[in-house]
Amino acid sequence: MRPELAITGNERAKELHAKIDSGDSFTVDARAVMRFVSRYLEDQLSAEELVQIGDLLEEGEFFEYVGPGSDGIIAQVVFEISTPATHAPTKEAAERWLRLLG
């Protein structure tokens with residue numbers, strides 16, 4: 001049996017896109033999403049790239065949310081990240097997302 005492939009939260013949008021294109025299945029847990037959000041707060045990701053990552057996580061059919069928060073919290077935060085028209089990535093929103101995931 002092949003080991004589980006996991007998203008770490010250290011990927012760039014381009015890397016996530018390549019993982020989607022690979023056709024492999026990946027798991028995403030709250031820690032990975034928290035890492036993406038933390039990188040935004042630390043100015044390692046722009047708001048635009050965070051939105052791109054949210055889009056990829058939400059639309060990627062090969063991503064499965066696992067662990068604490070997989071009952072809907074991870075999906076809720078990813079949805080908010082990916083819909084800047086109603087949930088623009090701001091520092092305040094990012095801090096709220098971290099609280100939800102934590």
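Basis for what follows: all heavy atoms, side chains included, without hydrogens, waters or symmetry-related copies. In this text, all values refer to a predicted model and were calculated from it rather than measured experimentally.
- Nearest heavy atoms, Ile81 versus Val51: O-CG2, 3.5 Å.
- Taking CG of Leu100 as the reference point, atom CE of Met34 lies at 10.5 Å (rounded to 0.5 Å).
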For Arg35 and Glu42, run salt bridge (charged side-chain N to carboxylate O under 4.0 Å, His left out): C-alpha distance rounded to whole Å, both residues' side-chain angles, the deciding distance at 0.1 Å, then the answer.
-> CA-CA 10 Å; Arg35 182 69 189 127; Glu42 296 163 358; 3.5 Å; yes

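- Using a 4.5 Å cut-off on side-chain heavy atoms (C-beta onward), Phe36 and Leu50 make contact.
- Residue Glu58 comes nearest to Phe79 through the heavy atom pair OE2-CD1, 3.2 Å, listed as atom of the first residue, atom of the second, then distance.
- Looking at Leu101 and Arg31, their side chains never come closer than 4.5 Å, going by heavy atoms from C-beta outward.
- The distance from the CD atom of Glu15 to the OG1 atom of Thr8 is 8.0 Å, given to the nearest 0.5 Å.
- A 4.5 Å side-chain heavy-atom check between Leu98 and Leu41 finds at least one atom pair inside the cut-off.
- The hydrophobic cluster containing Val33 also contains Leu5, counting ILVMFWY residues as joined when their side-chain heavy atoms lie under 4.5 angstrom apart, directly or transitively.
- Around the CD atom of Gln76, the shell of radius 6.0 Å holds more than 12 heavy atoms that belong to other residues, nucleotides or ligands.
- Using a 4.0 Å cut-off between charged side-chain N and carboxylate O, Glu80 and Arg96 make a salt bridge.
- Across Ala13 and Gln52, no two heavy atoms sit closer than the pair CB-OE1, 3.5 Å.
- Smallest separation of non-hydrogen atoms from Lys19 and Ile7: CD-CD1, 3.8 Å.
- In this structure, CG on Leu56 lies 6.5 Å from CZ on Phe63, to the nearest 0.5 angstrom.
- Not one N or O on the side chain of Tyr40 forms a donor-acceptor pair closer than 3.5 Å with the backbone of Ala94.
- Within the 3.5 Å criterion, the main-chain N or O of Ser25 finds no donor-acceptor partner in the side chain of Glu64.
- Of the inter-residue distances, the one linking Glu11 atom CD with Leu16 atom CG reads 5.0 Å to the nearest 0.5 angstrom.
- In this structure, Pro89 and Pro84 approach most closely via the heavy-atom pair CD-CB, 4.1 Å.
- Contact record, Ser22 with Phe26: OG-CE1, 4.0 Å, taken as the closest heavy-atom pair.
- Residues satisfying the side chain to side chain contact (heavy atoms under 4.5 Å, CB included) test with Ala93, not counting sequence neighbours, are Thr90, Trp97.
- More than 12 heavy-atom neighbours from other residues, nucleotides or ligands sit within 6.0 angstrom of NZ on Lys91.
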